Protein chains: 2
Amino acid sequence: MKAPAPAPTEGSTEKAREPRWLTDEEQRVWRWFMEGATLLDDHLDRQLQRDAGMPHVYYGLLVKLAEAPRRRLRMTELAMLAKITRSRLSHAIARLEKNGWVRREDCPDDKRGQFAVLTEEGHEVLRQTAPGHVDAVRQAVFDRLDPEQQKSLGEIMRIIAEGLQPTEAGADLPWLR
Amino acid sequence: MKAPAPAPTEGSTEKAREPRWLTDEEQRVWRWFMEGATLLDDHLDRQLQRDAGMPHVYYGLLVKLAEAPRRRLRMTELAMLAKITRSRLSHAIARLEKNGWVRREDCPDDKRGQFAVLTEEGHEVLRQTAPGHVDAVRQAVFDRLDPEQQKSLGEIMRIIAEGLQPTEAGADLPWLR
DNA sequence: GGCCATTTGTTTAAAGTTCAAGGAGGGGCC
DNA sequence: GGCCCCTCCTTGAACTTTAAACAAATGGCC
């Protein structure tokens, strides 16, 4: 992510061809993206750490569980929904379990399997803290964008997200690592 | 970030008023945003860890230093540019120093101050790895968006980024913590 | 000069994440 | 059945980040 000083002559006999550097305009876009994403992540992490006592990712796990049938999901499926590794999920669920917000349950069909189940306490924490979190997201994002921009953002991020999880076998996806 | 089951009656005498939940459309936008941001972060972190032996944030620090006059920046200024806390930066610089990619230097004007200086080795690492990183960013983002979308993305993220770093005193910004 | 609040940067410990390795079960194939 | 490979999930160590506390230097004010 650096601009080259002078562009070397093209068509040389060098093995390593000149990379397609980002244009100035692309660089600006990229920097705003990184800044916005970094600050937003920090902001929401802090908001939730303060108000719910957990990082944003953990909160997201509780939300996924709350939305699932019977408020439970297999570990791998939850990892897939949250876009994280199974290892990270294992540690996270261990912590949430210690808080009493999630409990594990064996899967009857597959003895290797585990369900993460949202407890009533976990559900209650969500009820208590969801409004504040929604407010934070609104203030930081939706209240600042007009409907057109909101639509664009969704579309753009969908393209990026889908591009990063190809359906082919052998793809390096977090939950398969 | 949860949908309420039924919307309670408005204008009640309750203290806690009903939060403005996200509409279905807003929820979709938000989820694509989080998915895309999470996957992109993971993807670039992994690419750089593999090819440059450091996380994305650390790489970004080297880039900022490379762009600075005399390839050096005061710690706080670097933290500000990278949108991270000074504590985090201290640890990061310590690690990069161990790698020989950055060195610290005392500030002559202010005896509390420290400069982080990019070493020649650090600069070389950047030269070696920048093309691969640019490729990764291109493949994940720019090659998938038309010019209109790129422009929108920059504008939208600029709005979000600026909204999260108000100029007022007392703002909770990472580098002031 | 002396005092005090603020700024600068680091340090320690706790919390979270990544990485590599591994135990255990499933499922195909002979 | 027995074998082999794959999937599911966990574990422990190394690394990174956060949170809180701190020392030293600055700058304003008297």
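We name chains A, B, ... by the order of the sequence lines, and we start the count at 1 in each one. Since we're looking at a predicted model, the values are computed, not measured.
When rounded to the nearest whole Å, the span between NZ of B/Lys98 and P of D/dA14 equals 13 Å. Spacing between atom CD of A/Glu77 and atom C1' of D/dC9 amounts to 15 Å, rounded to whole angstrom units. Note: CG (A/Asn99) to P (C/dA14) measures 17 Å, nearest angstrom. Note: CZ (A/Arg177) to P (C/dA21) measures 16 Å, nearest angstrom. Between A/Leu89 atom CG and C/dT17 atom C1' there is a gap of 13 Å when expressed in whole angstrom units. Per the geometry, CG belonging to A/Leu73 stands 11 Å off P belonging to D/dC9, to the nearest Å. Distance, A/Asp109 CG to D/dT7 P: 19 Å, rounded to whole Å. Computed from coordinates, the B/Leu48 CG to D/dT16 P distance equals 13 Å when rounded to whole Å.
Nearest-nucleotide assignment on DNA chain D puts the 5′-proximal partner with A/His91, out of B/Val57 and A/His91. Nearest-nucleotide positions on DNA chain D place A/Asp110 closer to the 5' end than the other of A/Asp42 and A/Asp110. Each of B/Ser87 and A/Tyr58 has a nearest nucleotide on DNA chain C; the 5'-most of these lies closest to B/Ser87.
Judged by distance alone, with hydrogens and angles left aside, the side-chain atoms of A/Glu97 form a donor-acceptor pair with the main-chain N or O of A/Arg104 at under 3.5 Å.
With C/dT10, C/dT8, D/dT10 as the candidates, the nucleotide lying closest to the side chain of B/Gln114 is C/dT10.
A/Arg86 has no side-chain polar atom (N or O) that falls below the 4.0 Å cut-off from OP1 or OP2 of D/dT7. Look at A/Arg46 and you'll find a side-chain N or O under 4.0 angstrom from OP1 or OP2 of D/dA19. Regarding contacts with the backbone of D/dT16, a side-chain N or O of B/Arg95 is found under 4.0 angstrom from either OP1 or OP2. Taking side-chain N and O atoms only, A/Arg88 has no distance below 4.0 Å to OP1 or OP2 of D/dT10.
Atom CZ of A/Arg103 and atom CG of A/Leu118 lie 9.0 Å apart (nearest 0.5 Å).
Within 6.0 Å of CD in B/Glu120 there are more than 12 heavy atoms belonging to other residues, nucleotides or ligands.
Under the 30°/60° scheme for interplanar angles, the aromatic rings of A/Trp30 and B/Phe142 are found to stand perpendicular.
Between B/Gly36 and A/Ile160 the shortest heavy-atom distance is O-CG2, 4.4 Å.
Residue B/Arg74 is classed as a sugar-phosphate contact, given heavy-atom separations below 4.0 Å to backbone atoms only.
Between the side chain of B/Arg112 and the base of D/dT26, no donor-acceptor pair under 3.5 Å is found.
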